[in-house]
**Q** 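Just dropping this structure here.
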Amino acid sequence: MAGRRGSPVSAGPGVSAASITPVVVRLKLSLLRNGLRQSAGRRAAYLVSLVLVLFVAALQLIGLIALRGNAHATTVAVALVTVTALGWAVMPLFFPGGDETLDPTRLVMLPLRPQPLVRALLAASLVGIGPLFTLCLLVGSVTSVAHGTAAYVTAAVALVLALLVCVALARAVAAANIRLLSSRKGRDLAVLSGLVVAVGVQLVNFGAQRLGSAGGLSTLDPVADVLRWVPPASAIGAVDSVSDGSYGSGIAQLALCAAALAGLLTLWSRHLTRLMTSPDGSTLQAAEPAARDRGASGIGRLLPAGRTGTVMERSLRYVWRDPKTKAAWVTSLAIGLIVPVFNALQGTGTVYFACFAAGMLGIQMYNQFGQDTSAFWMVAMTISSTRDAYVELRGRALALLVITLPYATLVTVLTTSLLDAWRQLPEVLGLSFALLGAMLATGAWSSARFPYSIPQEGYKNVAPGQAGLAWISIFGGMVSAALLAAPVIALTIWLNVSADGDRWSWLLLPVGAVYGALITLLGLRLAAPRTARRLPEILAAVSKG
């Protein structure tokens, strides 16, 4: 496409448009084969993944075929194809390293034009486990709704169009976001992919339970009536329309799918042209943003002066910029909201589940120094006394409270409103604040007593040989926090079983808040001397990974 950036050229000698496609397909197969040759573990993982995907695909294929003649077969098929297409759209964002041919900048020095390259990469994209799984799902989908010769002919066309739309969608998204995927933010997305999967599983589970309690698949029929006109699900809708004798609707739905494919290929081609002919950071010097005065704006202006404010700002920057820290925080924020709210929506929860939010965020206080990894030595150089250690721990705790206090309050109010349990709002808030204070106290002490390293590369959160320390630090600290919060828990139980408890339950809010603040201060005071004494051991432990 480009001999050098900014100068598109034609294919070079001996490279014709007809020969590009098989060459790129063979390249894809070679990359796959050479990757499997690297280690036996990688081969085993690939084979296990292949077997599992084929097993699930076979089950889906059998299940969809078994739906033939069912009144809701079209609804299920259309919904499945839509979800699959959505998965193809987001897959490049969260798994950019899953396919080495997703990065077209690797081909920037080759003399290739956009259209032949698009066709070649599209063909290469059909090689892999993902396309095979999608093909099995599409075969089952069209089989479940096809009735009659005309419908089967339409199904053959629809099958090809739907598969190509899914693949082209993934490629277009990857080409449009390749700069992001190769940057730090892209790596953040990859680290957060596990969270997306976990939240997605919760949403699917919630949706399935709602379907079971709301009359089954018939509740999805109105949604399916709309989705059957949205590519690539419109290809399945075309098969169903032809089966019912609505040939005009079937042709229109196929035309929509074909138009979507053409639009995606055009968009993909334009992104390839711009990506491979325009200058980037490697050919153009960074502009003025690096010279901006970062200290003149931002959250630093709102924080207290001195070491406390500096520590708070550093901790908050870690939350925003460090991929591992960000992943831990976002996971805690999401789960802390999902558990109480989803249970409340299902009518099976209790307002006390709102304490889950404070508990999940309180975990972030554990292993405070391990989050710094080897950079902790710069912090250690500034700690020369117990007072310095106390201010350091206090600043980290305050940074956590900046996020946790409003978040825990918001989740509690939301859960209370969903359950219409406003009378219990003060006691639940008080209990949350007491639990949070206990976790801050035990987290500060545990950070000094059981520090461990968090590897920056890969998906491991504990360095080899330190798993025992992590278990003791987190789970031992959580048990200790529950014991520290026991007085407020006992008071809550007593007021709930007492005959006059309703009159005094509001006192739990100030009692819990004051108790949480006092226990936090006590924990910081006790952890500070240990932190000052054990600086060399802490530095050695957190730098291990």
Side-chain angles (χ1 to χ4, degrees), residues 195 311-312 315-316 318-319 324-341 351-371 392-415 427-452 454 461 469-489 492 508-509 511-527 531:
L195 169 63
V311 173
M312 292 178 66
S315 299
L316 293 173
Y318 277 160
V319 173
K324 286 294 182 72
T325 305
K326 182 187 293 186
W329 269 92
V330 175
T331 301
S332 297
L333 289 169
I335 296 178
L337 177 67
I338 287 173
V339 170
V341 170
V351 69
Y352 293 102
F353 277 175
C355 297
F356 207 80
M360 287 300 300
L361 294 189
I363 294 176
Q364 303 307 315
M365 187 63 188
Y366 293 86
N367 197 35
Q368 277 291 308
F369 307 127
Q371 297 175 12
E392 175 72 25
L393 288 170
R394 184 182 63 185
R396 292 173 183 252
L398 289 174
L400 189 144
L401 288 173
V402 166
I403 303 174
T404 304
L405 281 179
Y407 177 80
T409 303
L410 175 64
V411 172
T412 303
V413 172
L414 181 58
T415 306
E427 61 185 83
V428 176
L429 271 179
L431 192 58
S432 294
F433 294 157
L435 177 62
L436 178 60
M439 296 195 75
L440 292 178
T442 57
W445 187 87
S446 180
S447 295
R449 181 62 183 85
F450 302 108
Y452 57 91
I454 301 177
N461 290 319
L469 285 174
W471 281 90
I472 294 174
S473 173
I474 297 177
F475 290 98
M478 291 172 65
V479 172
S480 301
L483 294 176
L484 286 178
V488 179
I489 296 175
T492 303
L508 285 170
L509 176 55
V511 169
V514 172
Y515 183 84
L518 292 177
I519 203 69
T520 298
L521 292 174
L522 178 61
L524 296 177
R525 291 289 184 185
L526 294 177
T531 301

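What you are looking at is a predicted structure, and each value in this text was computed from that prediction instead of being measured.
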**Q** Please report the shortest heavy-atom distance between Ala357 and Gly336, naming the atom on each side.
**A** CB-O, 3.8 Å
**Q** Is the shortest heavy-atom distance from the side chain of Ser446 to the side chain of Asn367 under 4.5 Å?
**A** no
**Q** Drop me the distance from Thr412's OG1 to Phe356's CZ, to the nearest 0.5 angstrom.
**A** 13.5 Å
**Q** Treating Thr520 as the side-chain partner and Gly437 as the backbone partner, does any N or O pair qualify as donor plus acceptor under 3.5 Å?
**A** yes
**Q** Decide yes or no for Arg396 and Tyr318: does some side-chain heavy atom of the first lie under 4.5 Å from some side-chain heavy atom of the second?
**A** no
**Q** In Å and rounded to the nearest 0.5 Å, what is the CG to CD1 distance from Leu524 to Ile519?
**A** 10.5 Å
**Q** For Leu435 and Ala485, which heavy atoms make the closest approach, and how far apart are they?
**A** CA-CB, 4.3 Å
**Q** Please find the pair of heavy atoms, one from Ser447 and one from Gln368, that lie closest to each other, and give the distance.
**A** OG-N, 3.0 Å
**Q** How long is the gap from OG1 on Thr531 to CG on Leu526, to the nearest 0.5 Å?
**A** 10.5 Å
**Q** Does any non-hydrogen side-chain atom of Leu400 lie less than 4.5 Å from one of Trp329?
**A** yes
**Q** For side chain to side chain contact (heavy atoms under 4.5 Å, CB included), just list the numbers for Trp445 and Leu522, CA-CA rounded to whole Å, side-chain angles, deciding distance to a tenth of an Å, and then say yes or no.
**A** CA-CA 10 Å; Trp445 187 87; Leu522 178 61; over 6 Å; no
**Q** Distance check, rounded to the nearest 0.5 Å: Leu361 atom CG versus Leu401 atom CG?
**A** 10.5 Å
**Q** Of all heavy-atom pairs between Ser480 and Thr442, which one has the smallest distance, and what is that distance?
**A** CB-CG2, 3.8 Å
**Q** Under 3.5 Å, is there a donor-acceptor pair between the side chain of Ser432 and the main chain of Thr409?
**A** no
**Q** Please give me the minimum heavy-atom distance between Gly362 and Leu436, naming the atom from each residue.
**A** CA-CD1, 4.1 Å
**Q** Once rounded to the nearest 0.5 Å, what's the spacing between atom CZ of Arg394 and atom CE of Met312?
**A** 10.0 Å
**Q** Rounded to the nearest 0.5 Å, what's the gap from CG on Leu398 to OG1 on Thr404? Could you check?
**A** 11.0 Å
**Q** Compare every heavy atom of Ala481 with every heavy atom of Tyr366, then report the nearest pair and how far apart it is.
**A** OH-CB, 4.2 Å
**Q** Could you check whether any side-chain N or O of Tyr407 sits under 3.5 Å from a backbone N or O of Leu337, counting only pairs where one atom can act as donor and the other as acceptor?
**A** yes
